[in-house]
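So that the names make sense, note that chain A is the first sequence line, chain B the second, and so on, each numbered from 1. Fair warning: this is a prediction, and the values are worked out from it, not measured in the lab.
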Amino acid sequence: MGFKRSPQTFSAKVNAVTIGTGEKAVTIGGENVFPLYSFDAPIENKPKIGVQISDRGYNNAVAGIAEYYKGAENFVDMAKKAALMPGADFLVLSFESANPDAENTSVEECAALAKEIAEAVDMPIVVEGCKNKEKDAKLFDKIAAALEGKNSLFLSAQEENYKEIAASAGLAYKHKVGAESAVDINLAKQLNVLINQMGVAGENIVMNLGSAAAGYGFEYVASTMDRVRSAALSQNDTMLQMPVITPVSDEAWSVKESIVSQEEFPQWGSMEQRGVSMEISTAAACLAAGSNAVILRHPESIATISKLISAMCDKEGN
Amino acid sequence: MGLFDRVFAGADDMLAKAEQDLSAAIDELGIDAPMVMPDTGYFLACIYAYTGRKVAKLSDLKEAFDDVKALCTREQKTEDIFKNGIATAIAAEIIEAVKYAKSPNPYEDSIYHGHFSDAEVRELGVPLVTQEIPGFVVIIGAAKSDDEAFELIKGYQSRGIFVFLIGDIIDQAQRKNISMGFAVRVVPTGKDIWSVGHIISLVVRAAMIFGAVQPGDWDAVNEYTFKRIFAFVNAFAPVDDITVACGGGAIAMGFPVITNDENNMWRVPKSLIIQPDTSDFIETSLEARDIKIKVTNIDIPVAFSNAFEGEIIRKKDTHVDIDGSRLDCFELVRTKQAHEIEDHSIILEGPDIDEIEPGSKMCAGFIVEVAGKNMQSDFEPVFERRFHNFVNCAEGVMHTGQRDLIRIRVSLSAFEAGFRLKHIGEILYAKVKSEYESVIDKCQVRIYTDPAKCKELRAEANEVYDARDARLMALTDESVDQFYTCILCQSFSPSHVCIVTPERLGLCGAVSWLDAKATFELDPNGPSQIVTKNSLIDERLGAYEDVNEAVSKYSHGALEKVTLYSIMEDPMTSCGCFECICGIEPFSNGVVIVNREHTGMTPLGMTFSEMASMTGGGVQTPGFMGHGKHFIASKKFMRAEGGPARIVWMPKALKEIVHDKLNATAKDLYGIDDFCSMIGDETVTEDAEALLEHLGTVGHPVLEMEPLL
Amino acid sequence: MALKGLDIFKLTPKTNCKECGNPTCMAFAMKAAQGSVPIEKCPYLSDDAKAKLSEATAPPMKSLKIGVNETEHTIGGETVLFRHDKTFVSKNLYAVNVCASCVDEKLKEIENVDYERIGERMYVELINLVYEGDKDAYVELVNKTLNKGRVLILDCECVDAARAALDVCADAKPILNGANEENYEQMNALAVEKKVVLGVRAKDIDALYDTVAKIEALGNKELVLDVTGSSIKEAFANAVQVRRAAIKDKDRTFGYPSIINAAALAKDDINMQTALASVFTLKYGSIIIMQSMSYAQALPLYGLRQNIYTDPQKPMKVEPGIYPINGADENSVCCTTVDFALTYFLVSGELERSGVPVNLLISDSGGYSVLTAWAAGKLSASSIAKFIKEFDVENKIKNRVLILPGKVAVLKGEVEEKLPDWKIIIAPNEAVSIVKYFKELEV
């Protein structure tokens, strides 16, 4: 007798988007099943992992991160090391220092660094801004020019600055555009429509649906991803068929659980282990909810999540 | 000579010059000499964009020239003007390109810019696409005086318009020490008219880069430039034939030409405009090309931020108290024709606040006049209702109320900082224009403080308010062509969709049909979308194919159909923010309505919150439905089941709110007087049986109606 | 919901007799449709109607109770595959593996993690007792772990040893997780005899299906399904397909809660177990067995679980009160926001990062976000003033600066009127700007 299987495959699918060029280029998306449901149909492209480095350096980071980048004198050195991180598929450059409230590094300086890194590494590059929407618009314009031909992804265009980023990174320099909205399916769709109306094809957009660390409103992230994926597949909603990238590390490494010292909370144990655990738990939950790529920081997290992805998506026996 | 002949003559002149220069170059360099423009991947961009031909050698250019010649058809049709115009532009590109065949940088030692690199195209293209730069102008010829040239260029600069100069105006700008260059957005392109070829090259490359236009797709190039590139031409008299022909090309690309040359010139609406008064060039040009100038800052002497929104100005700190409860005050938005409005004009009629005794009251009326192609008078109250938000954000200024019951206080310190009435005008201008840019093209503010004038205008304003209220009352579901969705609540009620109609406002009570309509017009991708009403399924139920499609689409498939007027058959779903819930009361065959504020029991045996937990979350629960308070008195309230006559119980407080309107509706529909007195409430009973008894005693009409179940 | 309230109402006597405990038949019918009142409560329904209704209103997935008294937990009873479709009802539970050789050390570790987060106790709810072939040692293990405030899982395929263990602990309602395609008859008889929930496992999903069907045929429906299998991929495939069959395809044979043994899937790889536990929290694990549960693991896992099992229509709320941050005392400034947990965490997190001592005042605002609470009248000058009075803030705190959320700047004047002794200032609109704002704050 046995169990009567009823696989849920759909005629619609998530767009496959390629980032980077050459052998190391990565493709995310392409599946026509719910996240990681490889028992329903093969997962076209398994989820990918980005290793995030900041232009403000990791001098004060936890030991495992600091140790990994030890000896790196500058951002370019860090990038070279990051590009060798086992388990990582692409490089995420975070230009935090450009924030006017931080060092307010000039866009020209950032662009020059980005260019230098792009020449030094062969990994696909994802560019993150400084969390200041106005500055990001200018920053991405210059970096997009500096990285012309590299087919990078820019994270992210938001409601306030999507025009500049779509026009520059998306149209003028033919990169991929990240569309970031605040955990709401309708806002996500609206932004995709607007970016699309600027002339950027849906196939060149990757969504960042918003992120939250485990325990910090993750239910909104999970439900938004559930709904977006469901609308993309079962409703064939082309304006929600973009693959999803989720920056996990920023959230995971800034919640109380990851930053309170062991001296302050002896019972909680090693701060580093707490941070790693938070990063792993959040990333795994994101993948289960529908992220096609996650952005992580700690070598241990990257190793574990990479192993998880293989265990979930590779064919048995591989 | 007619316009056609001038264009044809001009095209001939330009082509002759191109042919001559090209032959000379071939003679000099040889037919196989390379022909490469520097720093571009788009060959000779005009030729590439319009014909698909990739020019790399002079021989290619010669072949291309033959294509261009073929474009110069000579029938007297508009199409011929366009074709000859584009041919003229391409010929201009050829004339300029030949210079680059001879020398890698022919303009090295001159002020002229010449060819634009791809990098410059992108640098200008990005802000053009995002409309950070609202558009660009090509100014050709010489202004009547150096001063006039100066004014014109500066005028465009101050509005963020990118300026290209061709010909003698460059010398004028130089004499006036205007700083020029790509970086300062005033580019001295070239001395001769054919330098326009560089600008057209830039434009068509923008179309290929930003619009993904395929080389050789003539129509796509022109469609892109028309729709996305907000350019126009100012040509000073005297305009020669070549320039007229170039103008034909500009018009083909969707760029209007504005000139002060009245000789031998023909007006073509929206395309060729004669404006003898050159001081009006800017206004005329912007209007012709539909360019809106964005307002980026508010020019007032005090801080402006929503941190000041809740500030209260006390009497002792008040410099002036504009008090609508005592004096004739009002504020009003009026829709006008574009020509009736001078954008950003702030007109004060009457004394300003520095002419009064500090601490005293005065009257004031504010009329904000707006114009825009998409403006509708229905939006007037929507804008007006925001005035208090806008004005409140100024530090030291407080605004409450609306219509003719406004109250504005300006504090002593704001007054000392230089705040005057015109600054309220500045705030209203800047906010209305920036918040509603999708519908407003022009805006001006009139402020009146003369008591007699205020009295007179207030009376007029009241007529407007009355007319608006009357329109609102007269709006019925039948009298409009479309309904709207509202999905604002989906963040917590993912499958709920409100269908908002004139007679059925959103269940939260906050979104009327007019609000939803304005939301749609102002934010076309936002939460309110049009629902057509073309295919009626059942009039009694208010069932439409269109409504069902919309509900299915916007609930992402969770819901298939709803009716507008029934609570028994596919009733509309509820999110969680409904003002009221009605549920059927089976013993009387009526419905009980309870509002959120009422915490007590109902004859249904359930409280508001118990009923809410069953009806919320976008789930269809026949027999129960969430709705707004004002829906109760609507003639469409459960019309399928017989209408408001079904209402058997409501909390007293709710009854008071809807009392007058519900009585009027019941009188209209059933001829019943004082229907509300028949409806039970908590002072009558909270028990179903006792309620039935009460209904019998008062002779409630529900007892005569069909059973609900 | 298969049946609407009105359909049920039609079958009631319509007498409002109140014998079911509800004031009206309509109220009863509406609640029965929601599943919050069992159909049997109405004494006047015909047997025919009852049978028809209980079938239609019974959840597609069995709801089971394990443990007794304070250790009692409910598992299963889910009605939807995605929480946004309604809500998940029974949160997944965590078990930690314990064996005869490591019991003392493990018990200490298990008891170490025990804390409260937003009104919920976070601890290891179950202990998984691994049978290693020695019956006496197993009984000893049961004795040591019984009465530790945790429900036991007897992870044991040996009927003999299981009987011996149950002789000791059956009254505590453990789970007997040991039936397989070979021993199911004896195991089932034992579970029925001892009145405990039976865990069923098999070599693959087909064998599991058949075995469950056979046990059901024997009359037992108190089952959990151990879907672990032999690989991570298989475990995930099993967990999803079992739940989907039950809820989407209405296949009652798989309508039971599940057990996932993450410890077995990633032996000694603690990070991987954390990752797996997270995946199975989202996708359909009812009980997740771990090798360990340190604070590092518990903090994200319990937080994630609390998030996922929140009712989408009832936002998580924190308790109203005065929350001193960064060692704030009576001389530190006050700032206020709403009791919506997400807002609280966001704001308190940013305040912590600013390093500035602040008293965070959380008033009851119905669990809404700032703007929603304001629009609903739950965050107003009166509600803030009421909070200051009720929590005796003016006696507890000397500082008289109160910072309002930027989004309700509009309340400033009113708050000033209600709290004339206070200096009211306005914070930025977004939490992102809090660090900078507080660092530069001069008051």
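Taking chain C as the reference chain and counting heavy-atom pairs below 4.5 Å, the highest number among A:Cys286, A:Ser277, A:Ala284, A:Ala288 is found for A:Ser277. Ranked by heavy-atom pairs under 4.5 Å with chain C, the list A:Glu257, A:Lys4, A:Gln267 is led by A:Gln267. In terms of heavy-atom pairs under 4.5 angstrom with chain A, the leader among C:Thr281, C:Val113, C:Ile205, C:Ile308 is C:Ile205. For the options C:Thr253, C:Ile232, C:Asp210, C:Leu301, heavy-atom pairs under 4.5 Å to chain A are most numerous at C:Asp210. Of the listed residues (C:Tyr344, C:Phe236, C:Tyr302), the greatest number of heavy-atom pairs within a distance under 4.5 Å of chain A belongs to C:Phe236. Of the residues considered (C:Ala296, C:Gly303, C:Ser433), C:Ala296 shows the highest number of contacts with chain A, using heavy-atom pairs under 4.5 Å. Counting heavy-atom pairs closer than 4.5 Å to chain A, the top residue among C:Tyr309, C:Phe280, C:Phe340 is C:Phe340. For chain C, the option among A:Val260, A:Thr224, A:Asp40, A:Ile259 with the highest count of heavy-atom pairs below 4.5 Å is A:Asp40.
Residues C:Asp249 and A:Ser6 come closest through the heavy atom pair OD2-OG, 2.6 Å. For A:Ala289 against C:Leu282, the heavy-atom pair with the smallest separation is CB-CD2, 3.8 Å. Of all heavy-atom pairs spanning A:Arg274 and C:Leu299, the tightest one is CD-CD1, 3.7 Å. Contact record, C:Asn307 with A:Phe218: OD1-N, 2.9 Å, taken as the closest heavy-atom pair. Summarising the geometry of A:Gly217 relative to C:Leu342, their closest heavy-atom pair is CA-CD1, 3.2 Å, with the distance given to 0.1 Å. Here the closest non-hydrogen pair linking A:Glu219 and C:Thr310 is OE2-OG1, 4.0 Å.
For A:Ser38, the part lying near chain C is the side chain, with the backbone staying farther off; criterion is any non-hydrogen pair under 4.5 Å. Contact of A:Leu36 with chain C is made through backbone and side chain together, with heavy-atom distances under 4.5 Å. Proximity to chain A is absent for every atom of C:Phe88, based on heavy atoms less than 4.5 angstrom apart. Proximity to chain A is absent for every atom of C:Gln306, based on heavy atoms less than 4.5 angstrom apart. Contact annotation for A:Val221: neither backbone nor side-chain heavy atoms come within less than 4.5 Å of a heavy atom of chain C. Looking at C:Ala298, neither its backbone nor its side chain comes within 4.5 Å of chain A, counting heavy atoms on both sides. For A:Phe265, no part sits under 4.5 Å from any heavy atom of chain C, backbone or side chain.
Within 6.0 Å of CD on C:Glu105 lie no more than 12 heavy atoms contributed by other residues, nucleotides or ligands. Residue-environment remark: CD (A:Glu159) stays at or below the threshold of 12 foreign heavy atoms within 6.0 Å. Within a 6.0 Å sphere centred on CD of A:Glu134, other residues, nucleotides and ligands contribute 12 heavy atoms or fewer.
Atom CZ in A:Arg5 sits 10.5 Å away from atom CZ in C:Arg244 (nearest 0.5 Å). Atom CD1 in C:Ile270 sits 11.0 Å away from atom CD1 in A:Ile280 (nearest 0.5 Å). A distance of 8.5 Å separates CG in C:Asp85 from CG in A:Asp226, rounded to the nearest 0.5 Å. Rounding to the nearest 0.5 angstrom, the gap separating the CE atom in A:Met225 from the CZ atom in C:Phe82 is 13.0 Å. Taking OG from A:Ser270 and OH from C:Tyr295, the interatomic distance works out to 15.0 Å, rounded to the nearest 0.5 Å. To the nearest 0.5 Å, atom CD1 of residue A:Ile305 and atom OG of residue C:Ser278 are 7.5 Å apart.
Comment: A:Asp101 does not engage C:Lys439 in a salt bridge, judged by the lack of any side-chain N to carboxylate O separation of less than 4.0 angstrom. C:Asp269 has a carboxylate O that lies under 4.0 Å from a charged side-chain N of A:Lys307, or vice versa, which qualifies the two as a salt bridge.
Figure legend: C:Arg117 and A:Tyr216 shown as a cation-pi pair, the cationic atom lying under 6.0 angstrom from the six-membered ring centre and within 45 degrees of its axis.
At least one side-chain heavy atom of A:Gln8 sits less than 4.5 Å from a side-chain heavy atom of C:Lys248. C:Pro300 places none of its side-chain heavy atoms less than 4.5 Å from the side chain of A:Thr282.
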**Asked** Step by step, would you call A:Phe3 with C:Phe254 a ring-ring contact (aromatic ring centres under 6.0 Å, His included)?
**Response** CA-CA 9 Å; A:Phe3 169 56; C:Phe254 269 164; 4.9 Å; yes

**Request:** Test C:Lys233 against A:Met312 for side chain to side chain contact (heavy atoms under 4.5 Å, CB included), laying out the working first.
**Result:** CA-CA 5 Å; C:Lys233 190 170 171 134; A:Met312 286 280 196; 5.8 Å; no

**Item:** Check against side chain to side chain contact (heavy atoms under 4.5 Å, CB included), A:Leu287 and C:Val279
**Value:** CA-CA 8 Å; A:Leu287 294 172; C:Val279 170; over 6 Å; no

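Under 3.5 Å, the side chains of C:Asn271 and A:Glu279 contain no donor-acceptor pair of N or O atoms.
For C:Tyr184, there are no ring-ring contact (aromatic ring centres under 6.0 Å, His included) partners, not counting sequence neighbours. Annotation: side chain to side chain donor-acceptor pair (under 3.5 Å) contacts of A:Tyr37 (sequence neighbours excluded): C:Lys283.
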